[in-house]
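Okay, so here's the structure we're looking at.
First listed ligand is number 1; within each ligand, the first listed atom is number 1.
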Amino acid sequence: MRETEDEFKDVIIIGAGFAGLCMLHRVRQLNLSARVFERATNVGGTWYWNSYPGARCDVESLDYQFAFSDALQRGWRWKERFAEQKEILAYLNYVADSLDLRNDIQFKTSVEKAVFCEDRKIWQIVTDSGETTNANYLISAVGCLSTPSMPELPGLSSYAGRWYHTGNWPQQDMDFSGLNVGVIGTGSSGIQIIPELAKQAQSVTVFQRSPNFSVPANNHQHTKTFTDEYYDKFLAKREQASRTIYGNASWSSYPSALDVTDRRRSEIYEEYWNKGGAGFMVSFADVLTNPKSNEFAADFIRGKIDSIVTDKALAKILHPTDHAVGTKRICVDTNYYETFNKKHVTLVDVRQCPIQSITKTGLLTRENSYDLDVMIFATGFDAMTGTLMRIDIRGIGGMQLSKKWAKSPNNFLGLSVAGFPNFFVITGPGSPSVLSNMVLSIEQHVEWIARCISDVGRQGAKCIEVTETAEKEWVAHVNEIAQQTLFPQNDSWYLGSNIVGKARVFMPYVGGIGQYREHCEKVAKDGYTGFKIS
Ligand code: FAD
Ligand code: NAP
């Protein structure tokens, strides 16, 4: 590497989504120099890449925003209960402009390699243009859902039509009027895009392998009075939310689904269903821990599908039966099941009739061929570790992160990895991340990392690294609490099982963000127990 010419920064951050923007702002407040490398042409992360029709948040927009600046929050008004992608992207642009962040962000630049130089205790970061930058600290803000996963279907290169992945959607608006469109995948992305495509396309054919549980969003516009009142209580609500399990202050549960009569149970599910949103998952406190309670919730949703979808055989194909509700992230939809009542929408059960290949004109299953002008892959992501493991990150002794994590993404608090000093991961595996309101979790991580860097500097030290012992203990704790829930019992991207060859390990921390935050605070308060500072 060309050491003498290399630029030096106190901190290098990879990614300019919610996490990267927040981290950059916080690092600047410490009077440290920083650069963000971002492979997109603009800020936004998830909300830049997933611009497909129907994309919107499933955490309420008023909660899905930063809390660290009163001015930022008062200068923005969310229009809807669940904001659409364009509005969230506009918000992140507003954040970048208001905080004047752009001049420290280098767009269209991918970080390909990062090597820790043991003698100088610095990171050397190499981008796709071959440029090298040195830094004391390397911070990953690469996101949990930022590497789209494409199924290996033979024949795609011969396909004459257009095809897109929802997680890498073109930036310009597209018109599907008059087209025959196929959609592969019925997770949250598929469930959001299908009703929107059905409004435009001549026909929509949905290729479903596993049906998912979905609940209605019951989305609506916010009135000014409502948002004003909400903002008056915003910080108190955020503080309250940060002590809960999932990061939502307005969610509350009934104790157990087993302790009430059948009639009362149905009334309670009905109440949560009508409220709309993923809060359905907390209707009873034991939905994700007690198989019987979970089955009650599953039955309720299957009953709803039957009541919405008029063709009874079709309704049955839409019944999720292969997993407990919530062990794959529950979907939040607007008119998803209703869409299957439309004559030009067809559901193909690819468990019964597996996809054999993509052809020049469309798609071939074991029983039929489908002519498609456009094919849309809503086939998910190599989640939580996939993006980071694609970067050649080398720690002490040249150890590669991808090798260290090949069997399990071992780390401490989801923040720090033994053998990789001065390296932090925002919302890494082993933290609540994707099981929480992500913005809340991102802010908590950013604050912890900033405090840590500042404390290390104050001690006159240059290097902080977690010990193998602390890492082992944390991983054991994460696994132990996961085993007390239903999560590890079913395949999902939480376990990496959607990716061929990926180690099957339950990755998020399920103890709740309140409990998690206490762990992090204690570590910092006690002088960074579990870390070596030198
Ligand atoms: P991201 O937004 O993923 O940003 C990471 C950035 O890093 C990307 O811009 C990427 O280009 C960049 N990057 C990655 N690798 C490199 C590299 N090597 N070099 C340079 N740049 C790199 N969470 C919720 O809490 N609520 C929701 O409602 C919600 N809805 C979602 C909807 C969709 C469609 C998806 C995919 C995810 C959703 N999530 C939701 C999760 C969402 O990812 C987070 O809420 C949040 O946006 C993550 O922010 P981030 O900054 O950590 O990562
Ligand atoms: P996903 O949940 O992983 O769903 C992928 C879908 O593609 C599944 O239905 C999967 O079927 C199917 N699939 C994959 N490979 C296939 C193949 N070879 N043949 C047929 N079907 C195949 O991905 P996602 O929908 O993009 O969602 C990922 C996560 O992003 C969500 O869980 C959520 O956290 C976030 N997200 C949130 C929202 C929101 O509402 N705010 C919207 C989109 C995404 P199997 O289940 O059988 O594998």
| Option set T46, L435, I442, criterion heavy-atom distance to atom 35 (C) of ligand 1, minimum | T46
| Quick one: nearest non-hydrogen protein atom to atom 12 (C) of ligand 1, plus distance? | E38 OE1, 3.3 Å
| task | Validate the cation-pi geometry between K275 and Y272: distance from NZ or CZ to the six-membered ring centre under 6.0 Å, angle to the ring axis within 45°. | result | yes
| message | Counting only heavy atoms, tell me which of F107, Y246, Y64, W169 gets closest to atom 39 (N) of ligand 1. | response | Y64
| Looking only at distance, does R56 have an N or O less than 3.5 Å from an N or O of ligand 1? | no
| Residue and atom name of the nearest protein heavy atom (relative to atom 25 (O) of ligand 1), distance in Å to one decimal | M438 N, 2.9 Å
| message | Heavy-atom pairs closer than 4.0 Å: do any link ligand 1 to the side chain of V142, the backbone, both, or neither? | response | both
| query | Looking only at distance, does V59 have an N or O less than 3.5 Å from an N or O of ligand 1? | reply | yes
| task | Return the residue, atom name and 0.1 Å-rounded distance of the protein heavy atom closest to atom 19 (N) of ligand 1. | result | V111 N, 2.9 Å
| remark: With sequence neighbours left out, the residues meeting ring pair (Phe, Tyr, Trp, His ring centres under 6.0 Å) with F280 are Y269, F300
| Are any of the N or O atoms of R39 closer than 3.5 Å to those of ligand 1? | yes
| Among side-chain atoms of N50 and R56, is any donor-acceptor pair under 3.5 angstrom? | no
| note | One finds that the ligand 1 atoms under 4.0 Å from a non-hydrogen atom of G15 are 6 (C), 7 (O), 12 (C)
| Do V439 and ligand 1 have an N or O pair less than 3.5 Å apart? | no
| N103 and R35 side chains, donor-acceptor separation under 3.5 Å | no
| query | Are F377 and W163 an aromatic pair by the rule of ring centers under 6.0 Å? | reply | yes
| request: Just jot down the side chain to side chain donor-acceptor pair (under 3.5 Å) partners of W47, sequence neighbours excluded, or say none. | output: Y64
| remark: Check: of D58, L145, V434, L21, min heavy-atom distance to atom 27 (C) of ligand 1 comes from D58
Using a 3.5 Å cut-off and no angle test, enumerate the donor-acceptor pairs between side-chain atoms of residues 151-159 and protein atoms at least two apart in sequence or in another chain.
unit_1 : atom_1 : unit_2 : atom_2 : d
S158   : OG     : G155   : O      : 2.6
Y159   : OH     : L372   : O      : 2.8
Y159   : OH     : D373   : O      : 3.3
Y159   : OH     : V374   : N      : 3.3

| request: Go through ligand 1 atom by atom and flag the ones less than 4.0 Å from a non-hydrogen atom of W47. | output: 29 (C), 30 (N), 31 (C), 32 (C), 47 (O)
| remark: Chain-and-number sorted residues having a heavy-atom contact under 4.0 Å with ligand 2 are Y52, R56, C57, D58, L145, P151, I184, G185, T186, G187, S188, S189, Q192, R209, S210, K328, R329, A378, T379, G380, F381, W493
